[in-house]
Protein chains: 2
Amino acid sequence: MAARATRQQIVDAADELFYGHGYAQTSFADIAAAVNISRGNFYYHFKTKDEILDAVIEKRLEDREWLLARWDETSDSPAARIACFIRIVIVNQAKIMAYGCPVGTLTAELAKLEHPSKNKANAIMALFRDWLIRQFIDLGHEARAEDYALHVLGWSQGVATLAQAFKDEEYITREVEKILGWLDGLVPGRAAKT
Amino acid sequence: MAARATRQQIVDAADELFYGHGYAQTSFADIAAAVNISRGNFYYHFKTKDEILDAVIEKRLEDREWLLARWDETSDSPAARIACFIRIVIVNQAKIMAYGCPVGTLTAELAKLEHPSKNKANAIMALFRDWLIRQFIDLGHEARAEDYALHVLGWSQGVATLAQAFKDEEYITREVEKILGWLDGLVPGRAAKT
DNA sequence: GCGCAATTAGGATGATTGTCCTAATTCTAT
DNA sequence: ATAGAATTAGGACAATCATCCTAATTGCGC
């Protein structure tokens, strides 16, 4: 098999396992078993566990960049794009209730580990923040764009955490509707609520 | 030394270590070293690591129960009590920026580990929820009490997650002011905002 | 078809882990 | 003061972990 393909399989498997069980709790053997390759082969592609983590973070970053770029293309209003972001918690409902937010839980875990790659993981969170800031600027809220962006991002993290703890689908739906209402109030040409 | 005192020391040390480094990442040896006792002595008080975790969760639960009871006594309006809860993120700012929310990060970790004690950890989150529900009922919002309670709880989790990722003190302050403004709008005799 | 590089397999290693055991020490009741 | 219980110390244990090594196999250019 081409080295690229094997490497890709390893990263994909590690991505899922890190998400489902956490980074520290996932062993080399776990990943090797998931991909059905020997640990020796494994070592050929990644010298250390940290290298796999870096590759997984990079993959997650690229995945999100691609997703955001797609929203940039397909939605023609910034409000619609922000709404896309908000609705992730519904689209990924099942996984979020089981494992939380892939980005939030990873940054939290790496921060506790004081892992060298924690800043790299934080960059994914920053990617979301900066993209949201751009949307709010486009929406005509330049002065409060960062404030609003962090508000939405923090909202998503809070919803994900409670969804995981309480497994309450209705709560997620209610929160989405509430923040969409808030967002609606920010669209120019409407009565502002705050 | 009295058995109770040693046990207490172990639980206290484990509590801090679990908070700072995570449960899975904290070893028997780490705790023993922190308390300065032998692993043998350790085993006399706790047969398994899970037993320590249970004790830590119970301690955290009792600590929070005590804190909420104190707020119930010292603040005479439900709005003031909810404000106390909101301001935890400022009072514990430094620790939250370093390690996140003690309750949220633990429930998230145990959920990924599918640990037998995860429900016990979730009970702390439920304690906050139920206490907040009571406050909002007292505030005269019986119909939407649960909705509001989860809103505040989710808010605190979101703020804690982003505070840890971005280490931005101003963001925390801003968010606290915003939600206190929202809370103010819910106090009877004022113009409701939603 | 041959040679060489890329890729894979699988075992070895040393460190760390949670758990368990036995012997020493300390405390307490009489 | 002394017996018996409570507490502590420290080492042994098997399992698991990330890491490393060497040998086998595969694929590809010629």
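Keep in mind that what you see is a predicted model, and the values were worked out from it rather than measured. Just so it is clear: chains get the letters A, B, ... in the order the sequence lines come, proteins before strands, and each one is counted from 1.
- Close to C/dG10, at under 4.0 Å from its OP1 or OP2, lies no side-chain N or O of A/Ser38.
- The CD1-P distance, from A/Ile31 to D/dA18, rounds to 8 Å in whole Å.
- Summarising the geometry, the separation between OH on A/Tyr43 and P on D/dA18 is reported as 14 Å, rounded to the nearest angstrom.
- Residue B/Tyr23 contributes atom OH, which lies 12 Å from atom C1' of C/dT17 at whole-angstrom precision.
- For C/dT8, one of the phosphate oxygens OP1 or OP2 lies less than 4.0 angstrom from a side-chain nitrogen or oxygen of A/His45.
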Exercise for the section: Starting from the C-alpha separation in whole Å, work towards a yes-or-no answer on side-chain contact (heavy atoms from CB on, under 4.5 Å) for A/Trp182 and A/Tyr148. Expected result: CA-CA 11 Å; A/Trp182 169 83; A/Tyr148 289 158; 3.7 Å; yes
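- The distance between atom NZ of B/Lys47 and atom P of D/dT7, rounded to the nearest whole Å, is 12 Å.
- Salt-bridge annotation for A/Glu109 and B/Lys112: absent, with no side-chain N of the basic residue lying under 4.0 Å from a carboxylate O of the acidic one.
- B/Ala163 approaches B/Ile96 most closely through the heavy-atom pair CB-CG2, 4.2 Å.
- Between the CD atom of B/Gln25 and the C1' atom of C/dT16 there is a distance of 11 Å, given to the nearest Å.
- Atom C1' of nucleotide D/dC17 and atom CD1 of A/Ile52 are separated by 13 Å, given to the nearest angstrom.
- Atom pair B/Asp30:CG and C/dT19:C1' shows a separation of 16 Å (rounding to whole Å applied).
- When the nearest nucleotides of DNA chain D are assigned to B/Asn36 and B/Arg39 by heavy-atom distance, the more 5′-ward of the two goes with B/Asn36.
- Summary of the strand contacts: B/Phe28 and B/Gly40 both lie near DNA chain C, and taking for each the nucleotide with the nearest heavy atom, the more 5' one is attributed to B/Phe28.
- Ring orientation note: the planes of A/Phe42 and A/Phe28 are tilted relative to one another, at an angle of 30° to 60°.
- Ring-centre distance between B/Phe136 and B/Trp131: not below the 6.0 Å cut-off.
- In this entry the distance linking CZ of B/Phe46 with P of D/dT8 reads 12 Å, nearest Å.
- One finds no side-chain N or O of B/Tyr44 lying less than 4.0 angstrom from the OP1 or OP2 phosphate oxygen of D/dT8.
- Residue B/Thr6 has a polar side-chain atom (N or O) positioned under 4.0 Å from OP1 or OP2 of D/dT8.
- The phosphate of D/dT7 has neither OP1 nor OP2 within less than 4.0 Å of any side-chain N or O from B/Asn41.
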